[in-house]
Amino acid sequence: MAEDTYSHKMVTANRRRCRTKFTEDQLKILINTFNQKPYPGYATKQKLALEINTEESRIQIWFQNRRARHGFQKRPEAETLESSQSQGQDQPGVEFQSREARRCRTTYSATQLHTLIEAFMKNPYPGIDSREELAKEIGVPESRVQTEDTQNGTNFTSDSHFSGARTW
DNA sequence: AGGCTAACCTATTCAAATA
DNA sequence: TATTTGAATAGGTTAGCCT
């Protein structure tokens, strides 16, 4: 990291997480679960993670990609027979299954927030290495660091954020 | 009751592995 | 090189905690 002083604009120096390579067996389980519930709750994702021996965040990403690409609207013929009268609304099947519980909301301590904010000011786009280090430092899973930084932006500028604090 | 914001979502793009 | 697909980003929605 000798040459990587705080660059002013782009921080491309940050490595992405390595691509996960799912095995055939893992994919079989994932796809099977997806066909049953394309929006798994936290408990389901945790169970899946344990079952196929991967991280819950990888499963979250996999479901996101799957939903975006393999349009889950085309129901598997397994269990859509009963609700065949869903009159083809534009709504992507909101009703066929109520949402499962999400992960418990984590509350960050002032110290944790301070650490996150400081790291964010130094680098708003941390790579996998920085995120893992940060996560270890404040004692939360890496996936929490990622979403926190890149999505919710933590408007540290005590000033009133202009509309949309995430427009960097 | 309302504000703040973590968790979750879609849409889109980047990019690594593979055919 | 084109395709496939995991990872990342931007921005919107849902819902839990606190005042």
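All values derive from a computational prediction rather than experimental measurement. Residue numbers begin at 1 in each chain, while the letters A, B, ... track the order of the sequences.
- With rounding to whole Å, A/Ile61 atom CD1 is found 17 Å from B/dA16 atom P.
- Rounded to an integer number of Å, the gap from A/Ile138 CD1 to B/dA6 P is 11 Å.
- Between the side chain of A/Arg16 and the base of B/dC14 there is at least one donor-acceptor pair of N/O atoms closer than 3.5 Å.
- When the side-chain contact (heavy atoms from CB on, under 4.5 Å) test is applied to A/Asn65, the partners found at least two apart in sequence or on another chain are A/Ile61, A/Arg69.
- Contact between the side-chain N/O atoms of A/Gln64 and the OP1/OP2 oxygens of B/dC8 is not found at any separation under 4.0 Å.
- The distance from atom CD of A/Gln46 to atom P of B/dA7 is 13 Å, rounded to the nearest whole Å.
- When the side-chain contact (heavy atoms from CB on, under 4.5 Å) test is applied to A/Thr107, no partner is found at least two apart in sequence or on another chain.
- Between A/Arg67 atom CZ and C/dG6 atom P there is a gap of 14 Å when expressed in whole angstrom units.
- Taking the six-membered ring where the residue is Trp, A/Phe34 and A/Phe63 present tilted rings, their angle falling between 30° and 60°.
- Partners of A/Gln60 by side-chain contact (heavy atoms from CB on, under 4.5 Å), not counting sequence neighbours, listed by chain and number: A/Lys45, A/Glu56, A/Gln64.
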Strictly under 3.5 Å: I want the nitrogen or oxygen pairs between protein and nucleotides 3-5 of chain C, one per line.
residue, atom, partner, partner atom, Å
C/dT5, O2, A/Arg19, NH1, 3.0
C/dT5, O2, A/Arg19, NH2, 3.2

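- Relative to the side chain of A/Arg103, the nucleotides B/dC9, C/dA8, B/dA7 differ in distance, and B/dA7 lies closest.
- If you take CD of A/Gln112 and C1' of B/dT5, they are 15 Å apart, rounded to a whole angstrom.
- By the salt bridge (Lys or Arg N to Asp or Glu O under 4.0 Å) test, A/Arg58 is found to be paired with no residue, residues two or more places apart in sequence or in another chain being considered.
- Contact check, A/Arg99 against B/dC9: no side-chain N or O comes under 4.0 Å of OP1 or OP2.
- A residue-by-residue look at A/Gln60 and A/Ala68 shows that A/Gln60 has its nearest nucleotide of DNA chain B further toward the 5' end.
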What are the atom names and distances for every N/O pair under 3.5 Å that joins the protein to nucleotides 16-19 of chain C?
residue, atom, partner, partner atom, Å
C/dG16, N2, A/Arg105, NH2, 3.2
C/dG16, N3, A/Arg105, NH1, 3.4

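- To the nearest 0.5 Å, the span separating OG1 on A/Thr54 from CD1 on A/Ile29 amounts to 12.0 Å.
- By the salt bridge (Lys or Arg N to Asp or Glu O under 4.0 Å) test, A/Glu55 is found to be paired with A/Arg17, residues two or more places apart in sequence or in another chain being considered.
- With sequence neighbours left out, the side-chain contact (heavy atoms from CB on, under 4.5 Å) criterion links A/Thr44 to A/Thr33, A/Lys37, A/Pro40, A/Glu100.
- Following rounding to the nearest Å, A/Arg144 (CZ) and B/dC8 (P) show an atom-to-atom distance of 6 Å.
- Among residues two or more places apart in sequence or in another chain, the side chain to side chain donor-acceptor pair (under 3.5 Å) test is passed with A/Asn32 by none.
- In this structure, A/Glu56 places its CD atom 16 Å from P of C/dG6, rounding to the nearest Å.
- A cation-pi contact, defined as under 6.0 Å to the ring centre and within 45° of the axis, is absent between A/Arg102 and A/Tyr42.
- In this structure, A/Tyr125 reaches the C/dA10 phosphate: one of its side-chain N or O atoms is under 4.0 Å from OP1 or OP2.
- Rounded to whole Å, the distance from CG on A/Leu116 to P on B/dT5 is 13 Å.
- The SG atom of A/Cys18 lies 8.5 Å from the CD1 atom of A/Ile128; values are rounded to the nearest 0.5 Å.
- Contacts between residues 47-55 of chain A and DNA chain C, defined by a heavy-atom separation under 4.0 Å, are absent.
- Of the candidate nucleotides C/dG6, B/dA6, C/dA8, C/dG6 has the atom lying nearest to any side-chain atom of A/Leu27.
- The phosphate of B/dT18 has OP1 or OP2 within less than 4.0 Å of a side-chain N or O from A/Lys21.
- In this structure the side chain of A/Lys28 never reaches within 4.5 angstrom of the side chain of A/Thr23, judged on heavy atoms.
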